Amino acid sequence: MIRVNENYSKLQSSYLFSEIAKRVKTYQTENPDKKVIRLGIGDVTEPLPPACIEALHKAVDEMAARATFRGYGPEQGYDFLRAAIAQNDYQSRGAKIEADEVFVSDGSKCDTANIQELFADKLTIAIPDPVYPVYVDTNVMAGRTGKNSKGRYKGFVYMDSTEANGFVPALPDQPVDLIYLCFPNNPTGATATREQLASWVRYARENKALILFDAAYEAFIRDPSLPHSIYEIEGARDVAIEFRSFSKTAGFTGTRCAFTVVPKSVVAYTKKGDAVPLHPLWNRRHTTKFNGVSYPIQRAAEAVYSAAGKAQTRALIDFYLGNAKLIRATLADLGYRMTGGENSPYIWVNVGKDSWKFFDKLLKRAQVVTTPGAGFGRCGEGFIRISAFNSRENVEEAMKRLRKVLK
Ligand SMILES: *Cc1c(COP(=O)(O)O)cnc(C)c1O
């Protein structure tokens with residue numbers, strides 16, 4: 001008898017974004033003449049930087065000629081891309097990361113989802129609340145939790161991110177083994193200072209814990225005092241794995257390229273307490289289960305680090321940050337408290353009440369789609385997330401409508 005993985009039945013029935021899509025579709029069917037503006041899901045809207053397109057075209061032409069055609073590439077990524085990442089994202093910021101510690105992949109979603117395969121079944125896992133749902137659901141699927149009750153799974157240690165702590169959770173008051181952190185944060189847009197990250201690294205070192213650091217939004221950091229990578233913190237090389245993606249940095253959400261950094265010095269422990277390096281384990285998983293990102297896409301990603309690519313991606317992000325500034329100014333005028341939007345594309349707005357109700361109000365009265373905070377965890381109740389990913393025209397129109405509906 002084929003048995004099913006019953007852990008799947010513990011998952012919350014509706015994935016946040018499918019519920020939003022359903023409500024928007026229903027509204028749009030009933031009101032076909034209304035123009036809905038989507039500031040909900042975190043997807044980019046602007047085309048790829050010209051430097052990436054140029055590299056992509058060139059690589060496609062190489063694939064068309066016998067002399068330059070390429071078949072399977074190295075599963076971990078081509079050396080040209082791994083070296084460009086190590087140099088530009090890490091070494092140039094004083095972080096000691098080597099090219100062979102970088103694993104190129106087709107997405108940070110998959111990487112943050114798959115990494116938990118390297119760890120034991122029984123672990124104490126610290127999960128921020130609110131949170132990017134992938135970290136939670138993949139551990140539920142793997143059987144590391146009990147049932148869900150009132151929005152929280154038994155077995156996780158939840159770390160509240162609230163207005164009181166500036167949306168940077170305090171260190172857990174009990175020992176934990178695995179810690180998920182994401183800065184700049186999705187959904188809150190909050191950032192962590194060097195001192196705050198240093199306290200997490202210290203905690204991980206003292207407790208033989210591991211930090212999974214999701215830096216998908218690092219390119220939005222404009223405050224020069226903020227760290228872009230956890231490896232800018234002394235000692236992090238031994239206790240942290242970092243995830244990055246070209247999705248938000250350079251508009252690759254539909255193009256697909258990301259990477260995970262597993263330093264050779266990062267370890268997990270056997271039952272007996274012996275340290276086991278994770279680099280060979282992730283290498284084994286990656287080579288067994290993944291066959292590499294396509295050559296043209298890796299060339300397009302490499303172009304992000306060219307002089308033209310750097311200038312173009314910076315301009316692209318400045319554009320979204322300009323949208324974020326408009327959104328922040330509008331909501332501030334309307335008297336709302338918020339975080340994010342300054343070093344992040346997300347604005348996390350305190351709406352003071354039922355976030356799905358507020359979502360429905362904005363959808364039905366302003367035809368503006370946001371994301372209800374409650375979908376990201378219990379601490380998200382009372383907040384909505386507004387995304388700056390859209391055209392300037394749409395953001396301006398959406399803000400005009402919010403001014404009308406919320407005044
Ligand atoms: C968008 C996003 C990613 C990137 O996902 P990809 O699969 O690389 O597109 C990773 N983490 C968070 C928190 C995100 O919001």
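Each ligand, and each atom within it, is numbered from 1 in the order the structure gives. These numbers come from a predicted model, not from an experiment. Nothing fancy with the numbering, it's 1 onward along the sequence.
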For R23 and Y27, which I'm curious about, is there any donor-acceptor pair between the side chains at under 3.5 Å?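 Per modelled atom types, R23 and Y27 side chains form no pair under 3.5 Å.
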- Task: Establish, from distance only, whether the side-chain atoms of T260 and D111 form a donor-acceptor pair under 3.5 Å.
- Result: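 There is such a pair between these side chains.
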Suppose we measure from [atom] to each protein heavy atom; which comes out shortest, and what is that distance?
| atom | answer |
| --- | --- |
| atom 9 (O) of ligand 1 | S247 OG, 2.6 Å |
| atom 7 (O) of ligand 1 | R256 NH2, 2.7 Å |
| atom 14 (C) of ligand 1 | K248 NZ, 3.3 Å |
| atom 5 (O) of ligand 1 | K109 N, 3.6 Å |

Q.
Please report the interatomic distance OG1(T288) to CG(N283), rounded to the nearest 0.5 Å.
A.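 Answer for the OG1-CG pair, T288 versus N283, is 8.5 Å.
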Interatomic distance, Y346 atom OH to K248 atom NZ [nearest 0.5 angstrom]: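 Reported value, rounded in 0.5 Å steps: 5.0 Å.
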| query | Going by heavy atoms in the side chains, are I20 and P372 under 4.5 Å from each other? | reply |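 Side chain of I20 against side chain of P372, heavy atoms only: contact under 4.5 Å found.
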TODO: Please say whether Y135 places an N or O atom under 3.5 Å from an N or O atom belonging to ligand 1.
DONE: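 No; the residue has no nitrogen or oxygen that sits under 3.5 Å from a nitrogen or oxygen of the ligand.
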Q. Under 3.5 Å, N or O to N or O, is D214 touching ligand 1 that way?
A.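 By distance alone, the answer is yes.
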At less than 4.0 angstrom from any non-hydrogen atom of [X], what atoms of ligand 1 do you find?
| X | result |
| --- | --- |
| N186 | 13 (C), 14 (C), 15 (O) |
| G107 | 7 (O), 8 (O) |
| S245 | 4 (C), 6 (P), 8 (O) |

Can you confirm if the NZ or CZ of [X] lies within 45° of the ring axis of [Y] and under 6.0 Å from the centre of its six-membered ring?
| X | Y | answer |
| --- | --- | --- |
| R70 | Y78 | yes |
| R82 | F103 | yes |
| K10 | Y153 | no |

Item checked: Under 3.5 Å donor-acceptor, Q367 side chain and K364 backbone ->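 Yes.
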Notebook entry, point to check: How does Y217 reach ligand 1, if at all, at less than 4.0 Å between non-hydrogen atoms: by side chain, backbone, both, or neither?
Noted result: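 Side chain only.
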Quick one: does ligand 1 sit under 4.0 Å from the side chain of S108, the backbone, both or neither, non-hydrogen atoms only?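 It is both backbone and side chain that touch ligand 1.
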Q) Under 4.0 angstrom from ligand 1, any heavy atom of F246? A)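 Outside the 4.0 Å threshold, so no.
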Practice task
Give a yes/no verdict on whether any heavy atom in T253 is under 4.0 Å from an atom of ligand 1.
Solution key: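 It does not, in that no heavy atom of T253 comes within the 4.0 Å cut-off of ligand 1.
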